[in-house]
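The block underneath contains the structure these notes are about, expressed in structure tokens.
Order of the sequence lines fixes the chain letters, A, B, ..., with proteins taken first and strands second; residue numbering starts at 1 for each chain.
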Amino acid sequence: MYQTSIDDFLEIEEFQQDLISWFLRVQRELPWRQNPTPYQVWVSEIMLQQTRVDTVIPYYDRFMQKYPNPEALAAAEEEDVLKTWEGLGYYSRARNLQTAVREVVSEYNGKVPDNAKELGQLKGVGPYTKGAILSIAYQQPEPAVDGNVMRVISRIRKVEEDIAKPKARKIIEGIVSDMISAEDPSSFNQGLMELGALICKPKNPLCDECPVQAHCRAYKEDLQEMLPIKSRKKSQRTEKYVALLIRDENHRILVQKRPEKGLLANLWQFPMIPMDKANTTDELVQWFGDQYGITIDVHKHLTDIKHVFSHIIWNLDVYSATSTGGCLQEGKGEFLSAEELQQLPFPVSHQKIARLI
DNA sequence: AAGGCGGGGAC
DNA sequence: GTCCCAGCCTT
């Protein structure tokens with residue numbers, strides 16, 4: 001059904017021409033498009049995973065300033081890398097990127113691999129990123145199928161598979177493999193993504209301005225609003241916590257590092273107590289004493305914070321408090337000055353608390 | 001195959 | 001509120 005027949009070759013060549021010439025004419029000027037090194041392509045592609053271009057730009061600039069090459073990133077402290085990534089989300093991207101870059105420095109003499117086998121084994125480099133690096137950095141005709149490309153190809157070729165399912169990506173990859181330009185795979189792949197971002201948008205696609213309108217089955221059949229087909233994800237669960245801004249006698253503040261796995265791994269936070277463990281202030285003080293080893297005096301309610309993740313909603317009830325005695329248990333955090341806190345990476349939800357200091 | 005994993009912009 | 005963004009990893 002999605003096979004390419006001999007009769008389609010001429011059509012495909014026209015499609016390539018229309019797409020690539022449009023891309024070369026209208027492409028946005030982006031920091032990672034100025035004669036990029038493979039490392040620059042790699043970093044930009046990791047940052048762009050599930051993240052909009054406009055959000056990434058300032059992060060990319062700061063990151064490249066601090067870590068201009070694989071050696072610099074390999075030598076950095078993880079905590080500093082996370083601080084540079086602070087606010088961008090999906091923090092395992094940063095940790096996996098550093099792990100992979102260290103492997104590139106030690107195993108490949110600092111040269112980013114130019115083949116699918118070695119690239120695919122690097123931490124955090126999946127099918128999309130692998131294809132993006134091979135095509136954009138090395139001009140190899142490999143598909144790079146992201147959300148944009150799934151939507152664009154679904155419409156152009158009337159693919160009615162549910163793009164939320166893994167099977168759809170394989171189908172789209174096959175189609176792109178049959179269509180990709182051998183002369184300029186970089187512009188072809190980037191053109192598909194740029195088309196998705198600027199013209200072939202999820203809602204209200206600008207078909208009147210589309211450079212490949214003549215090649216689009218969805219447009220021909222007026223199905224552009226119906227495609228792609230995508231099943232809905234289930235909604236988030238809610239978790240309620242009390243968060244505490246606890247000062248000691250020197251006005252230092254209690255913070256702790258989160259576990260090395262799971263949500264917001266290795267980031268820092270203010271102590272949080274599940275709401276069901278602290279129905280009353282007395283219960284809260286009791287629980288905190290048991291868990292942390294210090295007694296606290298809870299003062300006024302500062303604010304409520306609602307923070308939405310992709311799969312969880314946090315409701316944080318924030319109180320100020322002072323530590324009045326006891327000895328902080330090992331591994332339960334440390335009291336730091338406001339200046340010292342500035343150096344540590346916090347999730348956005350807890351940056352909101354830090355602003356109250 | 002399904003769920004965990006951030007945050008923000010567009011509507 | 002909903003959707004979704006230049007996705008990957010784990011189970």
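Of all nucleotides listed (dG6(B), dG7(B), dA6(C)), dG7(B) comes nearest to the side chain of Pro347(A). When distances run from any side-chain atom of Asp146(A) to the nucleotides dG7(C), dC9(C), dC3(C), the shortest one goes to dG7(C). Listed nucleotides: dA6(C), dG7(B), dA1(B). Nearest to the side chain of Val348(A): dG7(B). Checked against dA1(B), dC4(C), dA6(C), the side chain of Lys230(A) finds its nearest nucleotide in dC4(C).
DNA chain B is contacted by both Lys167(A) and Asp54(A); Lys167(A) maps to the nucleotide lying nearer its 5′ end (nearest heavy atom per residue). Residues Tyr90(A) and Lys203(A) both approach DNA chain B. Their nearest nucleotides, taken by heavy-atom distance, put Tyr90(A) toward the 5′ side.
Look at Glu79(A) and Lys83(A) and you find no salt bridge, because none of the NZ, NE, NH1 or NH2 atoms lies under 4.0 Å from a carboxylate O. In this structure, Lys111(A) does not pair ionically with Glu118(A), as no charged nitrogen and carboxylate oxygen lie closer than 4.0 Å. Under a 4.0 Å N-O distance rule, the pair Glu330(A)/Lys332(A) does not qualify as a salt bridge. Electrostatic pairing of Glu194(A) and Arg28(A) counts as a salt bridge here, judged by a charged N lying under 4.0 Å from a carboxylate O. Between Glu221(A) and Lys158(A) there is a salt bridge, with a side-chain nitrogen of the basic residue lying less than 4.0 Å from a carboxylate oxygen of the acidic one. A salt bridge between Glu29(A) and Arg33(A) is absent, with no side-chain N of the basic residue lying under 4.0 Å from a carboxylate O of the acidic one.
Using a 4.0 Å heavy-atom criterion, one finds that Arg28(A) contacts the bases of the nucleic acid, with or without backbone contacts as well.
One cannot find a donor-acceptor pair under 3.5 Å joining the base of dG7(C) and the side-chain atoms of Thr51(A).
The side chain of His307(A) contributes no N or O atom lying less than 4.0 Å from OP1 or OP2 of dG6(B). In this structure, His311(A) does not reach the dG4(B) phosphate: none of its side-chain N or O atoms is under 4.0 Å from OP1 or OP2. For dC9(C), neither phosphate oxygen OP1 nor OP2 lies less than 4.0 angstrom from any side-chain nitrogen or oxygen of Arg93(A). Contact between the side-chain N/O atoms of Arg52(A) and the OP1/OP2 oxygens of dG7(C) is not found at any separation under 4.0 Å. At least one side-chain nitrogen or oxygen of Gln50(A) sits closer than 4.0 Å to the OP1 or OP2 atom of dG7(C). An OP1 or OP2 oxygen of dG1(C) is reached within less than 4.0 angstrom by a side-chain nitrogen or oxygen of Lys306(A). Using a 4.0 Å cut-off, some side-chain N or O of Lys165(A) falls inside it from OP1 or OP2 of dA2(B). Within the 4.0 Å cut-off from OP1 or OP2 of dG7(B), not a single side-chain nitrogen or oxygen of Tyr59(A) is found.
For the P atoms, the distance linking dT11(C) with dG6(B) amounts to 16 Å, nearest Å.
In this entry the distance linking NZ of Lys261(A) with P of dG4(B) reads 16 Å, nearest Å.
Contacts between residues 118-137 of chain A and DNA chain C, defined by a heavy-atom separation below 4.0 Å, involve Lys123(A), Gly124(A), Val125(A), Gly126(A), Pro127(A), Tyr128(A), Thr129(A), listed by number.
Aromatic rings of Tyr241(A) and Trp314(A) (six-membered ring for Trp) have centroids within the 6.0 Å cut-off, being under it.
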